[in-house]
Amino acid sequence: MQQPEAILKQYWGHQSFRGQQENIIRAVLEKKDTLALLPTGGGKSVCFQLPALMMDGLCLVVSPLIALMKDQVENLQKRNIAAAAVHSGLGFFEVRKELQRAADGEYKFLYVSPERIQTRLFREFLPAFNVCLLAVDEAHCISQWGYDFRPPYLKIAELRNMLPGVPVLALTASATPQVQQDIVNKLCFGTHSFFRQSFSRPNLSYSCLQVESRFNKLLDILKNVAGSSLVYCRNRKQTQDIARLLTMQGYPAEYYHAGLSQEERNRRQELWIQGKTRIIVCTNAFGMGIDKPDVRSVIHYNIPDCIESYYQEAGRAGRDGNRSYAVALYQQEDLEELSALPELRFPPIASIKKVYQSVADYLGIPVGIGEGNYYDFDLADFSSKFQYDIHLVINALKMLEQEGHLAFNESIFLPPQVKFTAPRTLLEDFEAAHPDLEPMVKCLLRTYEGIYDNRISVNEKQLAKLIRISVDEVRQQLMKLRAFAVIEYLPQKETPQLCFLLNRAPAQYLSVDNQAYLKRKKQYAARVASMLRYLQQNGCRSRYIAEYFGEEQPEQCGTCDNCLRGKRSGFTGSEFRNIEQRIRAVITEDGITVPDLVASLHDVQKEKLWKVLDFLQAEQALTVRNNLVLLHKQPGIHGKG
C-alpha cells in the first residue's frame with residue numbers, strides 16, 4: 001500500500017502535509033471517530049479525500065452548499081478521481097442514476113446534502129454503497145448553539161446505525177468549545193480523536209478602524225496595499241454602489257451577490273481568481289469553497305455579527321503565506337446596530353406565527369399539505385403585499401428554518417429540464433413536418449438517456465455546440481417543442497425557493513420550542529457581544545480570536561494594529577491603546593492646549609504620553625501646532641482616519 005506522502009504528491013503535487021493534516025489522516029486510517037478544527041484555508045478536504053483513497057469503498061461526504069459540492073467534485077475529477085454530487089438541482093431520475101452508479105462502485109466520493117440523506121430513495125440505496133468513511137463538512141451546522149445551525153444535520157447521526165463500524169470525520173473551521181462538544185454529542189462519538197490547528201496566522205495583520213468616512217479609508221487601504229482584494233458589504237445595493245464608486249476613482253471593481261444569475265456569478269468569480277479583476281465587492285454570498293492564495297486584503301465595509309463569520313471571511317486573505325491585511329471599518333452607528341441585533345434577529349414567537357400564516361396564504365397552501373414541495377418565493381413582493389418589514393420576514397423565516405418547519409434558499413440554481421411527452425410513433429411525422437426542429441429532437445434523444453420516461457436536466461450550452469446554433473436559439477426551439485406538446489420543458493430557474501419540510505400546520509398550533517428559542521437568542525447575544533469586544537479591545541487581535549475558539553495560551557501576533565502600537569511605543573499594545581483613547585477623549589472639536597492635555601492625563605508618565613503623541617502625529621491622526629493639539633483624519637492602514 002502506498003504511503004500517505006506518496007498519494008499526496010501523486011494527486012495534489014505537494015511534498016509534505018500542513019499543520020495537523022497528517023495526524024488527522026492517520027487517525028482516520030485507524031478507523032477512529034475524529035473531530036478536526038482547522039482554520040479557514042487549513043486544507044480540510046485533503047483530510048478525508050486522501051485517507052479515503054487508501055481505503056476500500058465509497059467515501060460519503062455530507063456538505064451544506066451546492067456550490068461547495070460542485071467545486072470539490074470538479075477538483076477531484078480534474079485529478080482523475082471518480083466523484084459525484086446529488087443535490088436539489090437534479091431530477092429524480094438523475095439522482096437515482098447517480099446513486100445506482102455509486103452502488104455499482106463507479107465513484108470513490110459521493111457528496112450529498114443533509115436533506116438528501118433523509119429521503120426514502122437515498123435510504124434504499126445506502127446498504128449497497130460499501131461506505132468506508134463518513135465525512136461531515138461544516139460540522140458546526142449540527143449545533144443549535146452555533147452561528148449557522150441547520151436542523152437537517154441532526155439526522156446525520158441516524159446514518160451511524162446503518163453504517164456500523166464506519167468511522168466519522170467531522171470538520172469545521174469555526175467552532176467554539178461549546179459547539180465542539182455539541183458536535184461530538186450529536187454525532188454520537190465515543191472514544192475519539194480531536195485535532196485543533198492553531199488559529200494563528202502570522203502573515204495576516206488584523207486591524208479595526210473607527211472611521212469618519214468608510215469610503216475614504218477604503219481608498220487609502222487599496223492605495224497602500226497592492227494586489228487582489230475582497231470588500232465585504234451588508235447588502236446587494238451597497239456592493240453595486242461601492243464597486244461603481246471604486247471604478248470611478250480608478251480602482252476597477254466588480255460586485256457580487258446572490259441576486260446575480262449563476263452564469264454571471266461564475267464569470268465574475270473566475271475573472272477575480274485569474275487576477276483579471278483586482279477587487280470584488282460582495283455580500284457574504286461570496287467566498288465559500290474558493291481557494292485563491294494571493295488575496296492581499298480583505299476589508300469589511302460593514303461588521304459581521306459574530307467572530308465565526310468574521311474569521312472565516314478575513315481568513316481568505318494571505319493563504320499563500322505572504323503579508324496580507326484584514327481590516328474592519330466601523331462607525332459608532334455600527335456598534336449601536338450590532339447591540340440591537342439580538343432583539344431584531346429573534347422576533348416574538350407571535351410575530352413568527354403570523355408570518356408563517358401569511359406565507360401559507362401567499363403560496364396558497366392549505367393545512368395538511370406541502371411537505372417536501374418547493375415554491376417560488378419573492379421576498380420583496382411578499383413583504384410588500386402583507387405590509388411586513390422585510391427584515392422581520394427574513395428573521396422569521398430563519399427561525400422557522402431552525403425549528404425544522406421550512407427552508408428558504410435565496411440563491412437556488414435549478415438547471416433547465418426536459419421530458420418527452422409525445423408518443424414515439426408520432427415523432428417521425430413531427431420531424432418530417434418541422435425539419436427546422438428535427439436536429440434538436442434527435443440531439444435530445446441521443447444525448448440524454450432516459451429523457452423519454454423522466455424529466456432530465458439538460459445543458460443548453462452543450463446543445464448549442466452540438467447543433468451549432470446559439471443558446472438563445474436552443475431556448476426558442478425548446479419553447480416551440482413545448483408549444484407543440486412534444487416535450488415538457490422547465491426553463492432554468494434561479495428565483496428564491498421556499499421548501500416546506502413539514503406539512504403546513506394551523507398557525508396557532510405551530511410547534512416552537514420556546515425554551516430552546518430563548519437559549520439560542522441568549523447564545524446569539526453572547527456572539528454579538530464577543531464581536532463588539534473584538535472591535536474595541538486593546539490587546540492582540542489574533543490572540544483574542546484564538547482564545548474565542550478555545551486555543552490555550554496563544555502567542556501575540558506582533559502584526560495587528562494593537563501589537564504594532566505597542567512595538568512602536570516601547571510598551572504594551574493595551575497600554576498604548578488606553579492612553580490613545582484617553583487623549584482622544586479630552587480633545588474637543590476646537591482642540592486642547594498641551595498643558596491642559598498633560599494636566600488631564602496627570603497620572604500617565606510624560607515619556608509614555610509623548611511617545612503616543614509622536615506616534616499619532618506620525619500617523620497623521622492629530623496635529624500639534626502653536627501649543628494646540630487638534631484631531632484630524634489620516635491615511636494608512638493602522639491609523640484611525
Side-chain angles (χ1 to χ4, degrees), residues 1-32 34-59 61 63 67-83 85 107-111 132-133 135-139 167 169-174 193-204 227-228 269-270 272-275 287-296 311-312 314-324:
M1 179 185 287
Q2 280 185 294
Q3 291 299 306
E5 294 83 358
I7 294 177
L8 181 71
K9 184 175 181 181
Q10 177 183 346
Y11 288 102
W12 284 271
H14 300 316
Q15 299 294 328
S16 59
F17 292 103
R18 286 188 286 161
Q20 294 281 7
Q21 282 180 329
E22 186 173 9
N23 293 330
I24 295 165
I25 288 165
R26 295 199 181 280
V28 171
L29 290 172
E30 292 170 7
K31 296 198 172 183
K32 294 178 180 177
T34 303
L35 172 60
L37 185 61
L38 301 181
T40 300
K44 294 193 294 294
S45 59
V46 171
C47 294
F48 63 84
Q49 290 173 355
L50 192 149
L53 290 171
M54 300 177 67
M55 303 163 81
D56 292 328
L58 174 76
C59 178
V61 187
S63 183
L68 204 57
M69 288 192 239
K70 286 182 174 179
D71 182 64
Q72 292 207 10
V73 167
E74 286 173 9
N75 285 333
L76 286 166
Q77 290 172 344
K78 287 175 185 176
R79 297 185 173 95
N80 295 316
I81 299 171
Y107 295 131
K108 186 64 191 176
F109 295 90
L110 181 66
Y111 285 75
C132 63
L133 174 64
V136 182
D137 203 7
E138 307 296 332
L169 171 59
L171 301 132
T172 178
S174 48
S193 299
F194 173 50
F195 299 97
R196 180 199 287 122
Q197 196 161 301
S198 174
F199 281 79
S200 172
R201 294 283 303 280
N203 65 305
L204 183 57
S228 186
Q269 175 180 303
E270 195 57 36
W272 181 73
I273 289 173
Q274 293 173 0
M288 184 66 76
I290 296 171
D291 189 11
K292 180 173 168 62
D294 59 344
V295 181
R296 296 278 69 87
Y311 179 73
Q312 188 173 63
R316 293 184 177 121
R319 292 186 181 182
D320 58 3
N322 294 325
R323 169 68 66 216
S324 304

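The basis for the numbers below is simple: all heavy atoms, side chains too, and nothing from hydrogens, waters or symmetry mates. Nothing fancy with the numbering, it's 1 onward along the sequence. In this text, all values refer to a predicted model and were calculated from it rather than measured experimentally.
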Can you check whether [Y]'s main-chain N or O pairs, donor with acceptor, with [X]'s side chain at less than 3.5 Å?
| X | Y | value |
| --- | --- | --- |
| Gln20 | Phe195 | no |
| Ser16 | His14 | no |
| Gln77 | Ala82 | no |
| Arg201 | Gly321 | no |

Side-chain heavy atoms of [X] within contact of [Y], under 4.5 Å:
| X | Y | answer |
| --- | --- | --- |
| Leu76 | Tyr11 | no |
| Leu53 | Phe109 | yes |
| Met55 | Leu29 | yes |
| Phe17 | Asn23 | no |
| Gln21 | Lys44 | no |
| Val295 | Ser324 | no |
| Val136 | Leu169 | no |
| Leu133 | Val28 | yes |

Yes or no on side chain to side chain contact (heavy atoms under 4.5 Å, CB included) for Ile24 and Phe48, after CA distance, side-chain angles and deciding distance? CA-CA 9 Å; Ile24 295 165; Phe48 63 84; over 6 Å; no

Residues which pass side chain to side chain donor-acceptor pair (under 3.5 Å) with [X], listed by chain and number, not counting sequence neighbours:
| X | value |
| --- | --- |
| Ser63 | none |
| Tyr111 | Gln49, Gln72 |
| Gln15 | none |
| Asp294 | Lys292 |

Point-to-point distance, once rounded to the nearest 0.5 Å, from [atom1] of [X] to [atom2] of [Y]:
| X | Y | atom1 | atom2 | result |
| --- | --- | --- | --- | --- |
| Leu35 | Ser193 | CG | OG | 10.0 Å |
| Tyr107 | Ile81 | OH | CD1 | 14.5 Å |
| Phe194 | Arg196 | CZ | CZ | 4.0 Å |

Indicate the atoms forming the closest heavy-atom contact of [X] with [Y], along with that distance.
| X | Y | value |
| --- | --- | --- |
| Leu171 | Cys47 | CD2-CB, 4.1 Å |
| Ala135 | Cys59 | CB-SG, 4.4 Å |
| Ser174 | Leu37 | N-CD1, 4.1 Å |
| Pro202 | Arg323 | O-NH1, 3.3 Å |
| Asn203 | Gly318 | ND2-O, 2.8 Å |
| Thr172 | Ala139 | CB-N, 4.1 Å |

Have Arg296 and Ser228 got a donor and an acceptor in their side chains that come within less than 3.5 Å?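 Side-chain D/A pair, Arg296 to Ser228: absent.
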
Between Lys78 and Glu74, does at least one N-O distance fall below 4.0 Å, as a salt bridge requires?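 Judged by the 4.0 Å cut-off on N to carboxylate O distance, Lys78 and Glu74 do not form a salt bridge.
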
Listed partners of Arg79 passing salt bridge (Lys or Arg N to Asp or Glu O under 4.0 Å), at least two apart: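 For Arg79 there are no salt bridge (Lys or Arg N to Asp or Glu O under 4.0 Å) partners, ignoring immediate neighbours.
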
All salt bridge (Lys or Arg N to Asp or Glu O under 4.0 Å) counterparts of Glu30, not counting sequence neighbours: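 Testing Glu30 for salt bridge (Lys or Arg N to Asp or Glu O under 4.0 Å), a comparison that skips the adjacent residues, returns Lys32.
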
From CA spacing to verdict: side chain to side chain contact (heavy atoms under 4.5 Å, CB included), Leu58, Lys108: CA-CA 5 Å; Leu58 174 76; Lys108 186 64 191 176; 5.8 Å; no

